[in-house]
Amino acid sequence: MRQRDLPRTYRVKSFGCQMNVYDGERMAELLSEQGITPAPEGEEADLVVLNTCHIREKAAEKVYSDIGRLVKAGEEAGRKPMIAVAGCVAQAEGEEIMARAPAVGMVVGPQAYHRLPEMIVKAASGTRATDTDMPADAKFAALPKRRKSGPSAFLTIQEGCDKFCTYCVVPYTRGAEISRPFSDLLREAERLVEAGAREITLLGQNVNAWTGEDDKGRALGFDGLIRALADMSGLARIRYTTSHPNDVTDGLIAAHGEVDKLMPYLHLPVQSGSDPVLKAMNRSHTVESYLRLLERFRAARPDIALSGDFIVGFPGESEADFAATLALVDAVGYAQAYSFKYSPRPGTPAAIMDDQIAAEVMDERLQRLQAAINRDQYAFNKASLGTTCEVLVERRGKLPGQWLGKTPWLQSAWFEGDVQIGDLVQVELVEAGPNSLAGMLRETVAA
Ligand code: SAH
Ligand code: SF4
Ligand code: F3S
């Protein structure tokens, strides 16, 4: 690679989960601190960071098509963008990317991106660099302070995964489970609130596996962290994702009944409604134990909205196994749920299992599952009609005077009125669609 100027503008493109969104924001802050500015809308950036996801085949392939597009756009404009590949594809396939895509100057894993500034200097002097070390705690200490935030902010509190579900790449791309220290999290949450956040979503691959110690050295579980954050006066709402059934504690369930700021929403992936499939997935919970947990959450917080993740077409999944998944969906009545076709990932045990399921079978099952989930989501929205609830105003709508915000149950609600981004307002839900609700602003709060 030739010597070149340091980049003056950047763009970070994040794919995948919310933890990647969080990392993307932190990378942007880090680059801004170096004096590199965000590229204006519609303009090519000098430095493009592709913050990638490796969870399914399609997601991983996207990175190569994106690199191709960037190179082509650069050629047309007569310049070469500096390209960094970050995120989980970088971690899993760093060497391969370097070999396959000469236009890429830097490969940086999810636990090493705090070292981007040095890598940029190297890349500018013509040295391509790969950094996929995994010292997650070092990363957070090296990142700049939070200065900007929208009304709803993400805060990564836990990283990595020790669960090794047989289909999943996360334990390999994100490393072992680690919890960020309590005091660091309180400080970052305070900064986010000072910067404008009214709602914080706590993030982790297994967010409820978080453990820590308070300032007196007493052990704290995830519910203890939630309770401590709830004491922060400027913070109005707390959410979290993604939680794992095996890390649910009595304290967390109780917190849903006791902590007003903890929103009535639970994303608890189950993946399948069939015990033999769950066993082959190494989920180490059963359908029954999962349903019992949901019952207990509902007992603590009767209006809680439930969400989950499903995989269809896991190796060996029979029609009867799939029917059990549909039965589980019917039994729970999810307010929202995500479903995916099984995607064999290199290096995972499931990728080499017998009885891989044919693509047409997966397609057909996914359609049936999504129809059931959509039906329940629509039903949940319709059941909210007539409710007046608190909405956090997040952005302007498409029409003048229109605003978009989120209900406590994470539904999108549209309404008109004289409000500002970041306001918490009372809205009566008057019209329900499959994916959002229309509301009327109510000036006065019923006592
Ligand atoms: N840590 C979280 C989420 C992990 S990834 C959890 O355990 O719940 C988000 C979702 O992607 C998973 O819940 C799963 O439904 C899906 N997923 C993961 N690996 C997959 C694969 N190989 N093929 C299809 N879907 C997958
Ligand atoms: Fe992947 Fe399972 Fe870990 Fe979730 S719990 S990140 S699905 S290995
Ligand atoms: Fe994707 Fe990595 Fe998140 S693989 S889902 S970006 S942890």
Side-chain angles (χ1 to χ4, degrees), residues 12-24 27 50-63 85-93 109-111 113 132 134 136 154 156 158-178 203-210 240-248 266-273 277-278 280-285 290 293 307-315 317 325 334 337-353 356-357 359 362 365-366 369-370 373:
V12 179
K13 272 184 80 173
S14 289
F15 306 90
C17 63
Q18 284 139 325
M19 300 189 67
N20 255 16
V21 175
Y22 173 88
D23 290 340
M27 283 187 245
L50 299 174
N51 190 21
T52 60
C53 172
H54 200 239
I55 202 85
R56 284 168 288 274
E57 194 180 353
K58 271 201 185 137
E61 271 307 311
K62 236 180 128 45
V63 60
V85 178
C88 292
V89 181
Q91 190 68 37
E93 294 180 7
Q111 313 302 8
Y113 62 76
T132 48
M134 284 216 174
F154 288 141
T156 292
Q158 183 274 345
E159 290 238 34
C161 179
D162 297 338
K163 306 283 190 289
F164 291 93
C165 300
T166 52
Y167 50 81
C168 184
V169 291
V170 171
Y172 312 97
T173 61
R174 293 266 166 176
E177 280 179 12
I178 65 129
L203 298 180
Q205 283 302 344
N206 291 294
V207 72
N208 56 330
W210 184 89
Y240 62 91
T241 197
T242 298
S243 40
H244 194 287
N246 293 3
D247 292 317
V248 170
L266 173 71
H267 181 215
L268 196 65
V270 60
Q271 316 300 354
S272 168
V277 174
L278 289 176
M281 287 176 163
N282 190 33
R283 287 291 295 182
S284 48
H285 58 76
Y290 175 80
L293 279 180
S307 168
D309 288 354
F310 293 89
I311 295 176
V312 300
F314 184 81
E317 185 190 66
T325 298
Y334 288 95
Y338 304 88
S339 49
F340 312 98
K341 278 186 278 187
Y342 168 70
S343 172
R345 308 307 296 128
T348 59
I352 50 167
M353 283 180 184
Q356 300 281 328
I357 305 295
M362 283 204 241
R365 286 183 188 164
L366 186 70
L369 178 58
Q370 289 188 338
I373 290 169

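Given the structure is predicted, the values throughout are model-derived calculations rather than measurements. Sequential numbering from 1 along the given sequence is applied to the chain's residues. All ligand and atom numbering here is 1-based and tracks the order in the structure.
- Among protein residues, Ile55, Arg56, Tyr167, Gln205, Thr242, Pro269, Gln271, Arg283, Asp309, Ile311, Phe340, Lys341, Tyr342, Ser343, Arg345 come within 4.0 Å of ligand 1, judged on heavy atoms.
- Looking at atom 6 (S) of ligand 3, its nearest protein heavy atom turns out to be Asn20 ND2, 3.3 Å.
- The closest protein non-hydrogen atom to atom 4 (S) of ligand 3 is His54 N, 3.2 Å.
- Residue Tyr338 forms a side-chain contact (heavy atoms from CB on, under 4.5 Å) with just one option from Ile311, Asp309, Thr242, Ile373, and that option is Asp309.
- No heavy atom of Met19 sits closer than 4.0 Å to any atom of ligand 3.
- Aromatic pair Phe314/Phe340: ring centres not closer than 6.0 Å.
- Atom numbering of ligand 3 starts at 1 in the shown order; those under 4.0 Å from a heavy atom of Cys53 are 1 (Fe), 4 (S), 5 (S), 6 (S).
- Put simply, the side chain of Val63 does not reach to within 4.5 Å of the side chain of Glu93, judged on heavy atoms.
- Within 4.0 Å of ligand 2, the residues that place a heavy atom are Cys161, Lys163, Phe164, Cys165, Tyr167, Cys168, Val170, Pro171, Gln205, Asn206, His244, Arg283, listed by chain and number.
- The two atoms that bring Phe15 and Thr52 nearest to each other are CD1-CA, 4.1 Å, heavy atoms only.
- Annotation: atom 3 (Fe) of ligand 3 to nearest protein heavy atom, Cys17 SG, 2.3 Å.
- For the residue pair Cys161 and Asn206, the shortest heavy atom distance occurs at SG-ND2, 3.1 Å.
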| task | Report the C-alpha separation of Ser243 and Leu266 in whole Å, then their side-chain angles, then the decisive distance to 0.1 Å, and conclude whether the side chain to side chain contact (heavy atoms under 4.5 Å, CB included) test is met. | result | CA-CA 8 Å; Ser243 40; Leu266 173 71; 3.9 Å; yes
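- Nearest protein neighbour of atom 7 (S) of ligand 3, counting heavy atoms only, is Gln205 NE2, 3.0 Å.
- With hydrogens and angles disregarded, no donor-acceptor distance shorter than 3.5 Å links the side chain of Arg283 to the backbone of Pro245.
- For Cys88, the nearest N, O or S atom to atom 2 (Fe) of ligand 3 falls under 2.8 Å.
- By the 4.0 Å heavy-atom criterion, Gln18 is excluded from the residues contacting ligand 3.
- A heavy-atom distance below 4.5 Å is found between the side chains of Lys163 and Asp247.
- Put simply, the side chain of Thr241 reaches to within 4.5 Å of the side chain of Leu203, judged on heavy atoms.
- For the pair Cys53 and Cys88, the minimum side-chain heavy-atom distance is 4.5 Å or more.
- Here the two rings, on Phe310 and Tyr334, have centers that are under 6.0 Å apart.
- Asn51 and Asn20 make their closest contact through ND2-O, 2.9 Å (heavy atoms, listed as atom of the first residue, atom of the second, distance).
- Across Arg56 and Lys341, no two heavy atoms sit closer than the pair CD-O, 4.2 Å.
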